[in-house]
Amino acid sequence: MKLYCLSGHPTLPCNVLKFKSTTIMLDCGLDTTAALYFLPLPLVHSPRLSKLPGWVSKDGAVNLEKELKECSGRVFVDSQPEFCLPEKELLDLSTIDVILISNYHCMMALPYITEHTGFTGTVYATEPTLQIGRLLMEELVTFMERVPKAQAATCWKNKEIQRLLPGPLKDAVDVWSWRKCYSVQEVNSALSKVQLVGYSQKELFGAVQVTPLSSGYSLGSSNWIIQSHYEKVSYVSGSSLLTTHPQPMEQSSLKNSDVLILTGLTQIPTANPDGMLGEFCSNLAMTIRAGGNVLVPCYSSGVIYDLLECLYQFMDSANLGSTPFYFISPVANSSLEFSQIFAEWLCQNKQSKVYLPEPPFPHAELIQTNKLKHYPSIHGDFSSEFRQPCVVFTGHPSLRFGDVVHFMELWGKSSLNTIIFTEPDFSYLDALAPYQPLAMKCVYCPIDTRLNFHQVSKLLKDIQPLHVVCPEPYTQPPPAQPHRSDLMLELQPPPMAYRRCSVLGLPFRRRYERIHLLPELARSLVPSEIKAGVSVATVSAVLQSKDNKHVLQPVPKPAPVPPSKKRKRVTEEPPEVLNPKPLLSGAVPLEPFLAMLHKNGITEVKVEETADGHILHLQTEDVLIQLEEDATHIICDNNEPLRKPGSELLCG
Amino acid sequence: MDSDCLSLLPAVCLVLADPKQSPPDDTSLEKLLDWFKELHSQSDGQVLLQHQPCLLEFISSVCMSKTTDPAILSFTLKLTGLLAATTQELHLFDEGGLLVNVFEREAWGVCDLWEDASVRSGWLQGLLNMLKHQQALGFICGNGLIKVILQLQNDRSLFVACLANQLLVHILNFLTSPNMTNGSDVVGSSESSLRPDWVSASSEIMNAVVEALSSEDHPQVLQGLRLLSLVLSKCGEPIISTLWKDVLVPLEVLVNRGSESLIQTLITVLEAALGTPLLSQSEYKVEELLEAMLGDGNRKECFHCAALIVKLEKCPEVLKRKATDIILLPLQCVSTQPQAEKEINVVLKEQLSQKASCISLLMQSLSSLAQLAHTKYLFEDISIHSITSSVLLLLRMCSGHCPTSLLHSNAFTHLIGCCKVQRCGLDTLGALSVYEEILDLRKDIFGVLLDYLQSPDSHATVLKKTFQAVKRWIVCSPFPDLLQFISHDLFPVLEKRMCDLRWEVRDSTLEFITQLTTALNGNSGFTEALHTSGMVSVLLSSLADAEGYVRASAVAAVGEAVTASSHQMVLVSNSKLLDEALVQMMAILSQDTEGFPRRAVVQAFTSWLKGSHLITALELSLSSVLSLGGSDFDWEVKMHTLELAEVLMEKTLTCCPYAVQNFGSSEETRFTQALIKFKNFGLFDLLFNSLFDCDRPVCEKACALLVKLRTLTAETADLDNSLLVLNVCGNRWGDEVQRRYLNKQQAKASVSVTNGVTGSDEGTDCGLHCTKDISLPKILQILDLDDMQRMLTLSSDHVVNSPRSLMEDILSAAQHSEENIVDCY
């Protein structure tokens, strides 16, 4: 069993598990942080961005004026933002049988995998994952296509040139594997390969069974169990134990795993989501009270639902009930509506509302009372209805594309306004880099509801997997806080760490296979009881293995012998019931064996302990007997007369 | 009253002794006993038993009955003890041998009742009640009851065991009291002057203590120790030293054994010993024992012990130093860098590596330190500087900051985010503000405190403690950069905290601002900062908070801000603040659905009025406040309004600024003017309405104020009544005044008729008609304020709670139960 790690990003995983001749891809996350190296794509013409000077090396030797622009003391690529894809060279992606998706954030690279690689398999995902994943992909495509760039910058990627560039561009890795965003057609084609599954529903293919379990992180998010008759691998990705909108995490089914692949822990382990939510609200209230606007760059699904719910209560209590909220995204409407229709994927509290009947999320009321308004973009109705001070939720959290770019240009100059970062995926300082100098206040309240180290170590104590596999960063304290030994996984045995392009042999010993007996063969067995409840029978059969299934069939009968009287008589005799001949199984018990040797005149035996068992040296006979757990060897230098009695002794 | 009750007594006794009746509840029986106790104390030598033979019959029948209820038996035992508390009564009991029958359980109709804990407790209480004279002691010793009491000392019921201990101490005390020792010198007297059976009784008790302490049975040891500490604190010489000599050996054994579960009790014993003359005599080894309890600081229990010793009031200095050194060890150990490490205490290291013990040790360490700081203890071996640094480091560790190298990284992991240690540490840090030596650490201290205030993860209770610590450090000694710190560092954080999601945090922030404003009252820089930083507008917006408690705190904070401004005369430039505050506060008083904010508004007005500076703008709102507050639904708002009225009266009648200007006018005219002013404020309406309020405390307060007013009007001879006429029509109090007025007139008229007097001026003037306007002094006369005040001082249940009603209840309950039985069949 092998694990191929195509992404080193702990929360945007993409791993391939080869298990019992099936090839399973676990998630395909897209690392969008590469977009931070690019200039923002302004929705409205920005004189500031359009007049940026091009970059020329100090000695003038390298001139990339067209591709690179200097902005606020940094150099950015002036091209459509690109993303870092999962590794494609580590194994042939066309051999993948199935892709399991755990949540909508971890499927953004799907079109890159399913299209143009020869992929012919199936993608399994829950319905909310598919629908909201589709929204996020469509949003991404719209953001890119709305602001087309005539040319793609590629020269800067040249190794020789990149080496000469200023940081951080100089240090960007694998730039050649970065790719532009996919198209709507590719999204549709990729998503057409998705087969929907529900929680606890089992999908079988070959000898492996996969089961999605609720992971409590987002609508329809799941962990997966991949098991055969005798092996169980759990895949835990993006899970949460907090009481937010999704169905709570199912933990008990993860018990007794041979291997647990653990990804998607919180990215900000020192920030407690409750504290951050409080911080978010108080900063928001302070800004609005002072007459400023609040900009919240966020994804169009996920934490935004919880934020709106929290604000729904908070704004009235803070006496700011009249402040409007604007949610601007090409998919804002669908996102808000989808959240209300996936009732069975929500937490109990919200599910029960549906029977009242009431919308599960209070943002419906916010919309009804005109406190929350949503628009596909800043163009159109929004510009005429927009009222300040207000709170704007819009994407993309990288601040490189989407409507947020416009608000940064609009509000960045006033110190009354505040930008509050709630998504943990991007470094806020890097995100803000092309907007410097910035007068608006900046608050970083990353809300990451995924498991923290404390929760995960408690979880692992409960479910007791034999082995844990996790991304490398989880096995050491965060680089910025080397003393925080509580912010890493400390397990016994230590977890197996992976990084991008690792190939791990999973510590599995496949000991058993399930074999079916055909009924006619079973009928012919003559079991005899050797101890209470245990019967033994000898079998002579043919083993057939096909599609991971093993069947014992009766031995084909020899060609019929011409009937003779004598033969007939023999067959008519009742079958003789004999005690089965003792069969060899298990390890050889040392002490009784030594006693037996002694009884048979072999007295000079030197016993040596080895890692796997013992080596017996019969000194007079110059014979070595290796006793191991699953093998016994008699080494006697072709001394057949000695070997035979020896093996007879062994067989007792 | 008592004679009434006594007439009911025979019937009550019959009911109580009747086994067919279910006994009254315990409270009724206790109340009955209380009445007997009171009766007994007032009897002046009159013997109750002689006049009430039913009592003896009752007692004897209960004891003999085969079907007595345990509650009744217990009551009887206590009653017997009470009744036998004088020699004369004891003889009456003894005549028929009744006393022995009562306290000798073998003589009871049902011996098994002893199994009931309430009976055993009643038995002990009875003896305790009786033990007021020599004969009683003679009775106890003579009948071998000491043995039973000693057995009860180990009773499974804690109440019984505790009572037995009390009784034993009482007996010991009684044995050594002056009237028992034949008048000889008590302190120097030897036991030889006592009756021989009493000597044996006292030695029996003391031997039992020694035996208990030497026992292997843990509960027995505990009881022995409890009795010992009780003896030490309650008894005098020679009992104490005699007993101490005997118990010293087993006590030493117990101390050296160092059993965790005994520490608390052992310390109580030693603490009691510290308060006795035993301490000064070295042969009694009190100090030695305490020191042995501490050991070398290398036993698990020594920290607990040290924490207890640090708390002792009368503790020898040397011992206290040793205990202090030990209790500070965990704190120092956790916050020490490896290079500064002394010898590692193995036990301590182990304790710190486990979460539960690590936290409890550090909390003990911190709270002991706070305790020492309260007394401004002078540390010797270790500087207060380094102790404070340790506390600071610990607080930093709790919020996840860690020095580069640490001795106990395990402990660090336990501490991250631990609210208990944070709260305790902040309390201690606040307490350390008494040490002037560490003023140079102030920057670090405020740094840590600000971190806590800023941290999004700080728990609401932790924030509250942080506020307390900040206040202590700000108030302890104002420093040059104080205002800079407040306006640049503190106010922005407070502003954010006032927008916190948790109402508790918003509330404690506002409380903190109020306290800070009060504490820095008179500091013009602070007041200016408060206004220029925009804090005031944030405070004003908090008046509209969704949570009632927060609104109340906001009212208090705004009130204090206004007071501060008025003191600093900045109000002139900030009249907008006062106007806005007044508008919002009046809105709260008239519309707020919760009581707390409304109470706070009235209180704010009271404190403004109390202030030494005149706030003229207030005067316009006062009458509204009085009328709104007086008609509030909440009785506390009404009370506060009356307090406001009281302050208004005082200020107006005594001195400026509310005093009426006296343009050379006489005292009397000034008083009249003041009363006219009250009338215009609606003060009289408030007082009279409150006098007939449905809440007794409100009536009481209003009555007291009116009595004061009446006295003043009576003292002022030439009061111009015509100026002080009040309309008594159309309101409740007016109707009541009119009714009384008419009653008085009627009474007067009928008296006149019977006396044959006709047509006096007064009679014809008023007639028996309704009158609309009555002068204030007249009204005050009509209302019988003294009688009203007397009635109001009686508690509202004074009728229901009388012994008579109690007895009637018992009787009627019995009657009803009989009726019920009849009904059933």
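A note on names: the letters A, B, ... follow the listed sequences, proteins ahead of strands, and every chain is numbered from 1.
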Pairwise distance [atom1]([X]) to [atom2]([Y]) - rounded to 0.5 angstrom:
{"X": "Trp503(B)", "Y": "Ser317(A)", "atom1": "CH2", "atom2": "OG", "value": "12.5 Å"}
{"X": "Asp457(B)", "Y": "Asn272(A)", "atom1": "CG", "atom2": "CG", "value": "4.5 Å"}
{"X": "His454(A)", "Y": "Ile416(B)", "atom1": "NE2", "atom2": "CD1", "value": "11.0 Å"}

Item checked: Exceeds 12 heavy-atom contacts within 6.0 angstrom, atom OH of Tyr549(B) -> no
Note to self: Does Lys420(B) have more than 12 heavy atoms from other residues, nucleotides or ligands lying within 6.0 Å of its NZ?
What the structure shows: no
Next item on the list: Carefully, step by step, assess Asn319(A) and Ser541(B) under the rule side chain to side chain contact (heavy atoms under 4.5 Å, CB included).
Entry: CA-CA 8 Å; Asn319(A) 204 23; Ser541(B) 59; 5.7 Å; no
Notebook entry, point to check: So Val505(B) and Ser282(A), side chain to side chain contact (heavy atoms under 4.5 Å, CB included) or not? Walk me through it.
Noted result: CA-CA 11 Å; Val505(B) 174; Ser282(A) 43; over 6 Å; no
Item checked: Test log, rule side chain to side chain contact (heavy atoms under 4.5 Å, CB included), inputs Lys496(B) and Glu279(A) -> CA-CA 8 Å; Lys496(B) 199 172 89 184; Glu279(A) 205 59 7; 2.5 Å; yes
Item checked: Partner set under side-chain contact (heavy atoms from CB on, under 4.5 Å) for Pro246(A), not counting sequence neighbours -> Thr244(A)
Next item on the list: Examine whether an atom of Cys445(A) lies under 4.5 Å from a heavy atom of chain B, and if so say whether it belongs to the side chain, the backbone or both; otherwise answer neither.
Entry: neither
Note to self: Using every non-hydrogen atom in the two residues, find where Cys499(B) and Met286(A) come nearest and quote the distance to one decimal.
What the structure shows: SG-CG, 3.8 Å
Check: If you take all heavy atoms of Gly278(A) and Leu501(B), which pair is closest and at what distance?
Finding: CA-CD2, 3.9 Å
Next item on the list: Under 4.5 Å heavy-atom distance to chain A, tell me which part of Asp500(B) shows up: side chain, backbone, both or neither.
Entry: backbone
